[in-house]
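One structure is given here, and the rest of the page talks about it.
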Amino acid sequence: DAKTTQPTSMDCAEGRAANLPCNHSTISGNEYVYWYRQIHSQGPQYIIHGLKNNETNEMASLIITEDRKSSTLILPHATLRDTAVYYCIVRRMDSSYKLIFGSGTRLLVRP
Amino acid sequence: EPEVTQTPSHQVTQMGQEVILRCVPISNHLYFYWYRQILGQKVEFLVSFYNNEISEKSEIFDDQFSVERPDGSNFTLKIRSTKLEDSAMYFCASSGSLNEQYFGPGTRLTVT
């Protein structure tokens, strides 16, 4: 699975959009981009995933660049409850079952 | 909304003792997983289970570990002889396909 690079930490103001970048320059054609988050010591929570098209759900939007070498997770109106560690994970869906978690980005939403 | 549940929330055991961590996956899911997270470290994959057998396991998942789906609802992780370094949060997860995995709240295992 391709390696990902994320900033160690970020912050944003409550009510504003949080844009979390992820670099995955070695991604291959059959690898998907997944985003999970972990609030304090709770279990990781699935947010969204995509292959090459942009995706949106009730939690967030995922923007993948045309060359697929990077992506951005967007939380459109961040709340204090969105303070968490956000993990960008690249994964093939046809061969491996596991998720490989990196260190993620610690997002702090300020009041 | 269906969710993965885990029991107990906290388990304290003495070194060398056996522990069984229990999970109830989401009811129509077919794939089951265990992960662990040592305090302050990354979430690490342990094992995946599908069609009543282990489908993938990590180097951490040695002979001291075993998994079982004893009935139609529970999924368990057994550690035969616990070590101090087994102290961690253990997360169970399930998925209906090879897409998104849904995690439980975790069991904090403390080995003394």
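None of these values were measured; they are calculated from a predicted model. Chain A is the first sequence line, chain B the second, and so forth, proteins listed ahead of strands; every chain is numbered from 1.
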Ser55(B) portion near chain A, given a 4.5 angstrom heavy-atom threshold: both
Neighbour count >12 (heavy atoms, 6.0 Å) for atom CZ, Arg80(B): yes
Same apolar cluster: Val33(A) and Leu75(A), side chain cutoff 4.5 Å: yes
Residue that, paired with Gln101(B), satisfies side-chain contact (heavy atoms from CB on, under 4.5 Å) out of Tyr34(A), Tyr46(A), Tyr36(A): Tyr36(A)
Ser58(B) OG to Lys98(A) NZ distance, which is reported to the nearest 0.5 Å: 7.5 Å
Close approach to chain A in residues 29-40 of chain B, criterion heavy atom under 4.5 Å: Tyr31(B), Tyr33(B), Tyr35(B), Gln37(B)
Residue, of Pro44(A), Gly43(A), Gly104(A), that accumulates the most heavy atom pairs under 4.5 Å with chain B: Pro44(A)
Within 6.0 Å of CD in Glu85(B), more than 12 heavy atoms from elsewhere: yes
Under 3.5 Å: donor-acceptor pair, side chain of Glu44(B), backbone of Ile100(A): no
Heavy atoms from other residues, nucleotides or ligands near NE2 of His40(A) exceed 12 (cutoff 6.0 Å): no
Hydrophobic cluster membership, Leu21(B) vs Leu84(B), 4.5 Å side-chain cutoff: yes
Arg69(B) atom CZ: more than 12 heavy-atom contacts under 6.0 Å: yes
Joint cluster assignment, Phe45(B) & Ile60(B), ILVMFWY side-chain distance < 4.5 Å: no
Smallest separation among heavy atoms of Tyr87(A) and Val43(B), with atom names: OH-CG2, 4.5 Å
Same apolar cluster: Ile74(A) and Met59(A), side chain cutoff 4.5 Å: no
Exceeds 12 heavy-atom contacts within 6.0 angstrom, atom CG of Asp63(B): no
Gln45(A) CD to Tyr102(B) OH distance, which is reported to the nearest 0.5 Å: 9.5 Å
Most contacts with chain A, counted as non-hydrogen pairs under 4.5 angstrom, among Leu46(B), Asn99(B), Val4(B): Asn99(B)
Linked, directly or transitively: Met15(B) and Ile20(B) (ILVMFWY side chains, under 4.5 Å): no
Shortest non-hydrogen contact from Ser41(A) toward Phe91(B): O-CZ, 3.7 Å
Verdict with supporting geometry, Ile54(B) and Tyr97(A), side-chain contact (heavy atoms from CB on, under 4.5 Å): CA-CA 11 Å; Ile54(B) 291 173; Tyr97(A) 299 81; over 6 Å; no
Shortest non-hydrogen separation from Gly102(A) to Lys42(B) and the atoms involved: O-CG, 3.7 Å
